[in-house]
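Structure first, commentary second.
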Amino acid sequence: MKYWLIKSEPSVYSWDQLVADGRTLWDGVRNYQARNNLKAMSVDDIALYYHSNEGLAIVGTAKVVREAYPDPTIDDDTWVAVDIVPLSAFPEPVTLAKIKQEPTLQSMALLKQGRLSVVPVTSEEYECILALSKS
DNA sequence: GCCAACGTTGGC
DNA sequence: GCCAACGTTGGC
């Protein structure tokens with residue numbers, strides 16, 4: 001079991017939209033590092049769902065239900081997509097500001113590599129964020 | 001809306 | 001193969 005964090009701009013595809021759809025394909029990744037992270041995902045891995053640009057917070061968790069396959073939105077098998085379903089919505093969104101204040105989370109890939117849209121999360125970081133989401 | 005960070009492209 | 005120029009992302 002691995003943990004990830006995936007970013008989406010709410011104006012493009014929000015958490016609410018994911019919940020409404022029940023399932024979606026995570027496509028459109030055009031960055032090699034992010035692509036490699038997508039490829040490293042396994043079924044049942046959990047991804048924290050982060051709203052970038054607006055919200056600036058992790059709002060819930062999603063589960064990987066299909067491993068990387070060629071991105072159907074582009075005619076180039078360099079790029080891949082995965083399928084995810086919503087798992088649980090956070091009672092309290094965990095904001096970026098909060099993450100920056102938390103000593104345990106200082107080394108998160110989210111902070112180190114701000115521009116990467118798919119980043120790995122350690123189990124320690126995951127547990128910490130989960131705890132913050134309940135406060 | 002601005003700007004910093006950083007990945008990618010292309011000329012040499 | 002290096003590095004400058006450029007484009008994109010995302011926080012503020």
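Note that this is a predicted model, so its numbers are computed, not measured. Throughout, protein chains are lettered first and strands after them, A, B, ... in sequence-line order, and every chain is numbered starting at 1.
Sorted by first and then second residue, the pairs that involve residues 3-24 of chain A and meet ring pair (Phe, Tyr, Trp, His ring centres under 6.0 Å), not counting sequence neighbours, are A:Y3-A:Y126, A:W15-A:Y49. Residue pairs that meet the side chain to side chain donor-acceptor pair (under 3.5 Å) test with at least one member in residues 99-109 of chain A, sequence neighbours left out, do not exist here.
If one axis is set at each end of the helix from B:dG1-C:dC12 to B:dC12-C:dG1 from five pairs, those axes are 10° apart, to 10°.
You'll find the side chain of A:T61 reaches within 4.5 Å of the side chain of A:F90, heavy atoms only. Taking 4.5 Å as the limit, some side-chain heavy atom of A:L105 sits within range of a side-chain heavy atom of A:I129.
Within residues 70-83 of chain A, no residue has any heavy atom closer than 4.0 Å to DNA chain C. Contacts between residues 98-114 of chain A and DNA chain C, defined by a heavy-atom separation below 4.0 Å, involve A:K100, A:G114, listed by number.
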Distance-only criterion, 3.5 Å: show the donor-acceptor pairs between side-chain atoms of residues 31-40 of chain A and protein atoms not counting sequence neighbours.
| residue | atom | partner | partner atom | Å |
| --- | --- | --- | --- | --- |
| A:N31 | OD1 | A:Q33 | N | 3.0 |
| A:N31 | OD1 | A:A34 | N | 3.0 |
| A:Q33 | OE1 | A:Q113 | NE2 | 3.3 |
| A:R35 | NH1 | A:T78 | O | 2.9 |
| A:N36 | ND2 | A:Y32 | O | 3.4 |
| A:N37 | ND2 | A:Q33 | O | 3.4 |
| A:N37 | ND2 | A:V118 | O | 2.6 |

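Considering only residues two or more places apart in sequence or on other chains, A:L56 meets the side-chain contact (heavy atoms from CB on, under 4.5 Å) condition with A:Y50, A:L96. Scanning for side-chain hydrogen bond (donor to acceptor under 3.5 Å, both in side chains) contacts around A:R23 gives A:D83, with sequence neighbours left out. With sequence neighbours left out, A:D77 forms a salt bridge (charged side-chain N to carboxylate O under 4.0 Å, His left out) with no residue at all. Every residue was checked against the salt bridge (charged side-chain N to carboxylate O under 4.0 Å, His left out) condition with A:K98, not counting sequence neighbours, and none meets it. Listed by chain and residue number, nothing satisfies the salt bridge (charged side-chain N to carboxylate O under 4.0 Å, His left out) test with A:R66 (two or more places apart in sequence, or in another chain).
The outermost nucleotides of DNA chain C lying under 4.0 Å from heavy atoms of chain A, listed 5' to 3', are C:dG7 to C:dC12.
Between A:I84 and A:V64, the shortest heavy-atom contact is CG2-CA, 4.2 Å.
Separation of atoms OG (A:S14) and CD (A:E9) is listed at 12.0 Å; rounding is to 0.5 Å.
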